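Here the structure is a predicted model, which is why all the values come from computation and not from measurement. Read the numbers this way: they start at 1 and go in the same order the structure lists the ligands and their atoms.
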Amino acid sequence: MIEVNHLTKQFGKFTAVNDISFSVNKGELFALLGPNGAGKSTTIKMLTTLLKPTSGELFLNGYNVVKQQDSARKSFGIVFQDPSLDNDLTAYENMELHAVMYGVEPASMKNRIKELLELVELWDRRANLVKTFSGGMKRRLEIARGLLHHPKVLFLDEPTLGLDTQTRNLLWNYIGHLAHEKEMTILFTTHYLEEAEANASRIAIIDHGKLLTIGSAAKLKQDTHTKTLEQAYLKLTGKELRDEEVDPHEAWRARQRSRNMR
Ligand SMILES: Nc1ncnc2c1ncn2[C@@H]1O[C@H](COP(=O)(O)OP(=O)(O)OP(=O)(O)O)[C@@H](O)[C@H]1O
Ligand SMILES: [Mg+2]
């Protein structure tokens, strides 16, 4: 459903995405992980026609994303990393505007908006201006909006950033339902590794624009001889804390030495 072949993006002399290839199957929940600046959002922007690749090929739902932009656009929904709501409209108006833009059937539009606003528990606040919402409420509204037109492919760039545990659980239950029951293909990024482990069937890790590895959480742990996904991630991205590698006896002796010196 998503195919990325030798994708590269350069900004001037800087290479943000460097020869990345992977594919995602229909109904798969796929995570793209990597440190800040790794190239995750840039990859999603190219997949959603917002940026043009420097080289490489992209296919969505069988359409060439560069050459068949309009058809590709009809195939996906997106929740951006950066807020993109209209603050001077109410929650309901933001939903309505998006529904019209994405051609949601007028007959089912009202029910659909109600269903989604209820899901993110904003139905009671539907008539309030978005500028009066908290950060978490805005995030919930953005996610509801991204789901409006039942897209075949859904891109979620850090969908749960700044949300409380209750809301995160609620959203992941719903996202899992979309993938498993509705066969929606979902590619998401997150810095919460436990979300990737709990929800993604496969995980790709990128750093400095390069794809380091791809596979299930179990495979990543096995390949790196680690016990948790976080350890695997830190080992691969080379930023692990060194404390764990210190021999406890050596640490104790070092403490004794410094005590004796006093
Ligand atoms: N329009 C642009 N012009 C120049 N450089 C850019 C542009 N957009 C992104 N970059 C650079 O490309 C690199 C990748 O950025 P990107 O936003 O894809 O990272 P990310 O993996 O999404 O990080 P984060 O976890 O912080 O969201 C960064 O070094 C960023 O500064
Ligand atoms: Mg990003």
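Under the 4.0 Å criterion applied to side-chain N and carboxylate O atoms, D88 and K131 are assigned as salt-bridge partners. Taking a cutoff of 4.0 Å between a charged side-chain nitrogen and a carboxylate oxygen, K219 and D223 qualify as a salt bridge. Salt-bridge formation is not detected for the pair K235/E230: no Lys NZ or Arg NE/NH1/NH2 atom is positioned less than 4.0 Å from an Asp or Glu carboxylate oxygen. Under a 4.0 Å N-O distance rule, the pair K114/E118 qualifies as a salt bridge.
Side-chain contact of S216 with R202: a donor-acceptor pair under 3.5 Å is absent, judged by distance alone.
In this comparison of G37, G209, G12, S41, the heavy atom closest to atom 23 (O) of ligand 1 sits on G37. When T42, L32, T189, L33 are ranked by how near their heavy atoms come to atom 15 (O) of ligand 1, first place goes to T42.
With a heavy-atom cut-off of 4.0 Å, E158 touches ligand 1 through its side chain alone.
None of the N, O or S atoms belonging to T42 lies under 2.8 Å away from the Mg ion (ligand 2).
Atom 1 (N) of ligand 1 has as its closest protein heavy atom F11 CE2, 3.5 Å. Regarding atom 12 (O) of ligand 1, its nearest protein heavy-atom neighbour is A16 CB, 3.3 Å. The single protein non-hydrogen atom nearest to atom 26 (O) of ligand 1 is N36 ND2, 3.0 Å, given as residue, atom name and distance.
Tracing side-chain contacts under 4.5 Å through hydrophobic residues (I, L, V, M, F, W, Y), one never reaches L89 starting from L148; they form parts of separate clusters.
Not a single donor-acceptor pair under 3.5 Å links the side chain of T8 to the backbone N or O of S55. Side chain of T167 to backbone of L163: no donor-acceptor contact under 3.5 angstrom is found.
Checking only distances, H191 does come within under 3.5 Å of ligand 1, N or O to N or O.
Counting protein heavy atoms under 4.0 angstrom from atom 4 (C) of ligand 1 gives one or more. Inside a 4.0 Å radius of atom 31 (O) of ligand 1 there is not any protein heavy atom.
Close approach of ligand 1 to A38 is summarised as follows: ligand atoms under 4.0 Å from at least one heavy atom of the residue are 19 (O), 20 (P), 21 (O). Taking every heavy atom of F14 and a limit of under 4.0 angstrom, the matching atoms of ligand 1 come to 11 (C), 12 (O), 13 (C), 29 (O).
Using a non-hydrogen distance threshold of 4.0 Å, K45 does not register as a contact of ligand 1.
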Audit row: E197, K221, salt bridge (Lys or Arg N to Asp or Glu O under 4.0 Å) steps and yes/no: CA-CA 11 Å; E197 181 152 23; K221 287 185 274 186; 2.7 Å; yes
